[in-house]
Amino acid sequence: METAEHARAAHSHQRAKKAIKARYRSAAPQGEGPWNDTIAHMLEHRSVRAYKSDALPDGALERIVAAAQSAATSSNMQTWSVVAVADPERKARLAKIAGNQKHILQCPVLLVWIADHSRIRALGESAGAPVEGLDYFESFLVAAVDTALAAQNAVVAAESLGLGAVYIGALRNNPEAVAAELALPRGAAAMFGLCLGYADPAGASDVKPRLPQTSVFHCEQYDPGRTTSEALAAYDADMQAFQSEQGMAPAPWTTTALARFRNAQSLNGRDRLKAAFRALGFAMK
Ligand SMILES: Cc1cc2nc3c(=O)[nH]c(=O)nc-3n(C[C@H](O)[C@H](O)[C@H](O)COP(=O)(O)O)c2cc1C
């Protein structure tokens with residue numbers, strides 16, 4: 001009995017070590033810590049950009065949405081909604097908005113995650129009650145945060161079912177067109193999409209390394225000194241190794257990060273988002 005337990009503990013220790021190493025490569029933190037299947041699943045996450053055409057099992061979407069609705073939500077206001085798009089023609093139109101990303105065409109279902117004030121606006125209207133608080137930036141942020149928390153719960157649930165997923169922020173290239181395509185009411189706007197489906201093993205990707213924990217994890221007070229130039233250089237090297245392994249052109253993360261935020265143009269048209277969301281009913285005062 002004790003031997004079986006020891007074997008289990010040793011196996012779990014090995015699995016943890018391997019997963020931490022995959023996530024952090026040269027910056028893998030040493031030391032022990034608790035480990036279980038939930039953490040193991042989360043550490044094994046990788047975005048999936050190649051899908052088989054197989055449909056999701058019956059009832060899977062409903063379970064995934066139940067997991068999403070189980071996320072914490074600011075003041076229990078639940079200011080988000082999700083639209084599942086499986087119609088190939090509608091997916092194709094959404095893919096076009098999102099820069100023709102082929103995985104949107106391939107995946108059997110695209111979930112579009114919506115920051116949604118429309119339910120509470122409608123409630124205010126039918127109750128004859130003002131809902132002026134919705135007009136402030138804080139309320140937009142609450143909806144955006146709630147939407148992201150719900151979506152990430154959905155990703156964890158989907159991955160636990162053996163499905164793959166990739167977020168599609170590029171739907172924000174044209175929020176007005178997405179709103180028209182999905183018949184969104186006033187006060188509702190797509191924050192991002194999420195491709196779901198079974199990964200095509202031919203296009204399998206690996207676990208992408210992250211910044212060292214020392215850079216993102218602070219105790220008591222933030223210490224910018226924890227992000228050293230040596231740590232960034234090591235991360236650049238780890239990312240380049242990862243990209244080479246995946247058959248991608250190696251590009252240092254620091255170069256990519258600086259290019260991503262260089263100027264308004266580097267946001268690929270998304271520098272106008274405040275105006276777009278205002279037009280969709282988020283005043284953001
Ligand atoms: C909000 C959000 C939007 C994203 N948008 C896209 C996208 O439009 N297309 C894409 O291929 N990946 C997209 N991604 C996936 C990221 O590129 C990916 O999560 C990141 O490179 C880390 O890789 P990993 O998920 O495999 O660990 C997005 C991720 C997030 C969180």
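First listed ligand is number 1; within each ligand, the first listed atom is number 1.
- No side-chain N or O of Gln221 forms a donor-acceptor pair with one of Asp223 less than 3.5 Å apart.
- A salt bridge links Asp37 to Arg15: one of the charged nitrogens lies within less than 4.0 Å of a carboxylate oxygen.
- Between Phe192 and Leu171, the shortest heavy-atom distance links the atoms C-CD1, 4.1 Å.
- Those atoms of ligand 1 that come under 4.0 Å of a heavy atom in Gln101, given as number and element, are 7 (C), 8 (O), 9 (N), 10 (C), 11 (O).
- By the 6.0 Å contact criterion, CZ on Arg93 is enclosed, its count of non-hydrogen atoms from other residues, nucleotides or ligands being greater than 12.
- Nearest protein heavy-atom contact of atom 4 (C) of ligand 1 is Gly169 N, 3.4 Å.
- Taking only nitrogen or oxygen atoms, main chain and side chain alike, Lys208 reaches within less than 3.5 Å of ligand 1.
- Ionic pairing of Glu245 and Lys208 is not present here: no N-O contact between side-chain nitrogen and carboxylate oxygen is shorter than 4.0 angstrom.
- Near His103, meaning under 4.0 Å from any of its heavy atoms, are these atoms of ligand 1: 11 (O).
- Here's the thing with Arg172: none of its N/O atoms is less than 3.5 angstrom from an N/O atom of ligand 1.
- Under the side chain to side chain contact (heavy atoms under 4.5 Å, CB included) test applied with Leu196, the options Val155, Leu161, Ile64, Val48 reduce to a single match, Ile64.
- Neither the backbone nor the side chain of Val207 has any atom closer than 4.0 Å to an atom of ligand 1 (non-hydrogen atoms only).
- The nearest heavy-atom contact from the protein to atom 27 (O) of ligand 1 is Arg210 NH2, 2.8 Å.
- Evaluated for a side chain to side chain contact (heavy atoms under 4.5 Å, CB included) with Thr79, the options Thr147, Thr73, Ile120, Ile114 yield exactly one hit, Ile120.
- Closest protein heavy atom to atom 26 (O) of ligand 1: Ser47 N, 2.7 Å.
- Within a 6.0 Å radius of CG in Asp58, no more than 12 heavy atoms belonging to other residues, nucleotides or ligands are found.
- The environment of CD in Glu44 is crowded: more than 12 heavy-atom neighbours from other residues, nucleotides or ligands sit within 6.0 Å.
- Protein heavy atom in closest approach to atom 11 (O) of ligand 1: Arg49 NE, 2.6 Å.
- The shortest N or O to N or O distance between Asp206 and ligand 1 is not under 3.5 Å.
- Put simply, no part of Met191 is less than 4.0 Å from ligand 1, judged by heavy atoms.
- Close approach of ligand 1 to Ala170 (heavy-atom distance below 4.0 Å) involves ligand atoms 8 (O).
- Ranking the protein heavy atoms by distance from atom 30 (C) of ligand 1 puts Tyr167 CB, 3.5 Å first.
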